[in-house]
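This is a predicted model, so every value here is computed, not measured.
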Amino acid sequence: MSAAVRSYAAVDLGASSGRVMVGRANGDTLDLVEAHRFPNRPVRTPEGLRWDVLALYAGVLDGLRAAGQVDSVGIDSWAVDYGLLDADGALLGNPVHYRDSRTEGVAEKVWATVPAAELYAATGLQYAPFNTLYQLVAARSSAQLAYARRLLLIPDLLSYWLTGEFGTELTNASTTQLIDPRTRDWAYDVAARLGVDLGLFAPLRRPGDPAGLLRPQVLEETGLTGPVPVTTVGSHDTASAVAAVPAGGERFAYICTGTWSLAGLELDAPVLTEESRAANFTNELGLDGTVRYLRNIMGLWLLQECVREWGDPDLGELLRAAAGVPALRSVVDAGDAAFLAPGRMPERIAAACRESGQPVPSSPAEVTRCILDSLALAHRRAVAEARSLADHPVDVVHVVGGGTRNTLLCQLTADACGLPVVAGPAEAAALGNVLVQARTHGVVGDRASMRRLVARTQPLVRYEPQGDPAAWRAAEDRLARG
């Protein structure tokens, strides 16, 4: 006889919106419904680009009120960004957005003290200009950092406001470039050489650890009846999403799609070779001692920015028109930092095509096709290079996250990789969040059982590779030459 179904609130914060989802689970059942969705609108102040974290917290409270009585709460979000607290535990200003320009040129200053190869060997993290380490070095002379007595990554900050208890969740901490993926502890030597005070961070927590109980004031505001525990989940949304990949074995790659595409493998140990560093792969920590060996790709951010510039046309019509555009006319490097900042995205994509001697896409449909072909090509390169660098066989690619709703991108990814693509679930991060809570409370079994439950209960679509693989090889060669 199956165990009783229990309810869990998954707070899942993305770069453009937040949501509170309610998952109901036991060993046979896994349902997910949206209780509340709210926008995540960064604000450009005279000091730079900031997150409106107070609005996010208000959205979380509204979502918990809408969720009704639950057995536990878990929080996941994007990575690298943080809030600073003073000695009284009060927030010192809105957290800086990772797309803010303050880290420009900071990496070179860091490498002058800890060379890039040494930094990679110690932390396993790919170069990204917004890594927390670079943010902290950029903030070194700021008044806020001077007054700070505690640093909390975004999900840990929200957890603190809900419970009054401090902690630093490990999967998210592994994106700071201050964690050693071999020891799963702080990279003390790196921090010391760069003058980063690790005492600012709260003690490390791991998925499944208790994170406190909702404070009486939170219970009153949300109408919930206590005690309601907050459970530590994989608080980096990608860690939660990978936990919900419906894989039946180990011979798989995953692509977590959304604003970013995170493409890679689940491994038992990090890959810290110089070849891995040169290929810009990262070793982030996952559930149960696993390593998320992946590459960050710009993702659907490219299309989101273009759609915003075009005045938000109907996305379905745009994708149908893009499907009719000849394939692979023009491609760009979807991992290029030139596309990181917001604004004028169609012009920047056109300029990249012009500079590389390719046909310049002009209509929205042509630009959209260029973006989707480029993303599929980036997925192909990431999967192939990860397989080679980790010496890890791959029989299938699992695509999870919001990009699973983009059927053209899923088919193009199958074509580009030359492998079957299984798309779904779309709400993988929220499901992974719920499953870790459910496992912690004894409702579901181990990681393999969690994945089997996802495969049995969630809608999945399989795409078989089509077309001539030589066309993708030619496009890859053309991009490399450009």
Evaluate Arg380 against Glu476 for salt bridge (Lys or Arg N to Asp or Glu O under 4.0 Å), listing each step before the verdict.
CA-CA 9 Å; Arg380 165 194 167 91; Glu476 197 167 51; 3.3 Å; yes
Side chain to side chain contact (heavy atoms under 4.5 Å, CB included), that's the test. Do Asn296 and Gln126 meet it? Break it down for me.
CA-CA 8 Å; Asn296 274 21; Gln126 74 175 84; 3.7 Å; yes
Check the pair Arg184, Asp180 against salt bridge (Lys or Arg N to Asp or Glu O under 4.0 Å), reporting the backbone distance first and the verdict last.
CA-CA 6 Å; Arg184 305 177 76 82; Asp180 183 331; over 6 Å; no
Stepwise salt bridge (Lys or Arg N to Asp or Glu O under 4.0 Å) test for Arg387 and Glu385
CA-CA 5 Å; Arg387 292 166 72 176; Glu385 291 179 28; over 6 Å; no
The test is salt bridge (Lys or Arg N to Asp or Glu O under 4.0 Å); show your working for Arg451 and Glu266 and say whether it passes.
CA-CA 13 Å; Arg451 286 177 166 157; Glu266 184 175 74; 2.9 Å; yes
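Of the possible polar contacts, one joining the Asp71 side chain to the Ser7 backbone as a donor-acceptor pair under 3.5 Å is found. Side-chain atoms of Ser235 never come within 3.5 Å of backbone atoms of Asp76 as a donor-acceptor pair (strictly under, hydrogens ignored). Of the possible donor and acceptor atoms, one in the side chain of Thr163 sits under 3.5 Å from a partner among the backbone N and O of Ser159. At least one donor-acceptor pair under 3.5 Å links the side chain of Asn40 to the backbone N or O of Gly14. Proximity of a side-chain donor or acceptor of Thr282 to a complementary backbone N or O of Arg295 within less than 3.5 Å is not detected. Asn172 places no side-chain N or O within 3.5 Å of a backbone atom of Pro155 that could act as its donor or acceptor partner. Between the side chain of Thr404 and the main chain of Val400, no donor-acceptor pair closer than 3.5 Å is present. Judged by distance alone, with hydrogens and angles left aside, the side-chain atoms of His441 form no donor-acceptor pair with the main-chain N or O of Val443 at under 3.5 Å. Distance alone, capped at 3.5 Å, places no donor-acceptor pair between the Asp395 side chain and the Leu419 backbone. Side-chain atoms of Asp197 come within 3.5 Å of backbone atoms of Gly199 as a donor-acceptor pair (strictly under, hydrogens ignored).
Aromatic pair Tyr293/His392: ring centres not closer than 6.0 Å.
Put simply, the side chain of Phe166 does not reach to within 4.5 Å of the side chain of Phe201, judged on heavy atoms. Using a 4.5 Å cut-off on side-chain heavy atoms (C-beta onward), Asn26 and Arg6 make no contact. Looking at heavy atoms from C-beta onward, Leu153 lies out of side-chain contact with Glu169 at the 4.5 angstrom threshold. Contact of the Leu435 side chain with the Val454 side chain is registered, since non-hydrogen atoms from C-beta on lie closer than 4.5 Å. Here the side chains of Val444 and Ser449 are not in contact, with every heavy-atom distance at 4.5 Å or above. Side-chain atoms of Leu303 and Leu315, non-hydrogen and from C-beta on, do get closer than 4.5 Å to each other. The side-chain heavy atoms of Leu157 and Tyr82, taken from C-beta on, include no pair separated by under 4.5 Å. In this structure the side chain of Tyr254 reaches within 4.5 angstrom of the side chain of Arg292, judged on heavy atoms.
Expressed to the nearest 0.5 Å, how far CG of Asp189 lies from CD of Glu118 amounts to 8.5 Å. In this structure, Asn283 CG and Ser174 OG are separated by 9.5 Å, a value rounded to the nearest 0.5 Å. To the nearest 0.5 Å, atom CD1 of residue Ile179 and atom CG of residue Leu285 are 7.0 Å apart. In this structure, CZ in Arg19 is found 4.5 Å from CG in Asp12, a value given to the nearest 0.5 Å. The line from CG of Asn406 to CD of Gln411 is 11.5 Å long, rounded to the nearest 0.5 Å. Between the CG atom in Leu319 and the OG1 atom in Thr407 there is a gap of 7.0 Å [rounded to 0.5 Å].
Every side chain to side chain donor-acceptor pair (under 3.5 Å) that Gln135 has, sequence neighbours left out, goes to Asp81, Arg102. Residues satisfying the side chain to side chain donor-acceptor pair (under 3.5 Å) criterion with His398, sequence neighbours excluded, are absent altogether.
Within a 6.0 Å sphere centred on CG of Asp446, other residues, nucleotides and ligands contribute more than 12 heavy atoms. No more than 12 heavy atoms of other residues, nucleotides or ligands sit less than 6.0 Å from atom CD of Glu250.
Of the residues Asp209, Val436, Ile75, Thr168, the one that meets the side-chain contact (heavy atoms from CB on, under 4.5 Å) test with Thr232 is Asp209. Tested against Trp260, the residues Phe130, Trp301, Phe339 include a single ring pair (Phe, Tyr, Trp, His ring centres under 6.0 Å) partner, Phe130.
A donor-acceptor contact under 3.5 angstrom links the side chains of Tyr120 and Ser276, judged on distance only. A donor-acceptor contact under 3.5 angstrom links the side chains of Thr413 and His379, judged on distance only. Using modelled atom types and a 3.5 Å distance limit, the side chains of Ser72 and Thr231 yield a donor-acceptor pair.
Classification of Glu427 and Arg37 as a salt-bridged pair holds, one side-chain N sitting under 4.0 Å from a carboxylate O. Ionic pairing of Asp288 and Arg439 is present here: one or more N-O contacts between side-chain nitrogen and carboxylate oxygen are shorter than 4.0 angstrom. With respect to Glu464 and Arg462, a salt bridge is recorded, a charged nitrogen being found less than 4.0 Å from a carboxylate O. In this structure, Asp100 pairs ionically with Arg50, as a charged nitrogen and a carboxylate oxygen lie closer than 4.0 Å.
Smallest separation of non-hydrogen atoms from Ala438 and Ala25: CB-CB, 4.3 Å.
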Pairs under 3.5 angstrom only: tabulate donor-acceptor contacts from the side chains of residues 61-68 to other protein residues two or more places apart or in another chain.
unit_1: Asp62; atom_1: OD1; unit_2: Arg65; atom_2: NH1; d: 2.9
unit_1: Arg65; atom_1: NE; unit_2: Glu221; atom_2: O; d: 3.1
unit_1: Arg65; atom_1: NH2; unit_2: Glu221; atom_2: O; d: 3.3

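Cation-pi geometry between Arg41 and Trp51 is not satisfied (NZ or CZ under 6.0 Å from the ring centre, within 45° of the ring normal).
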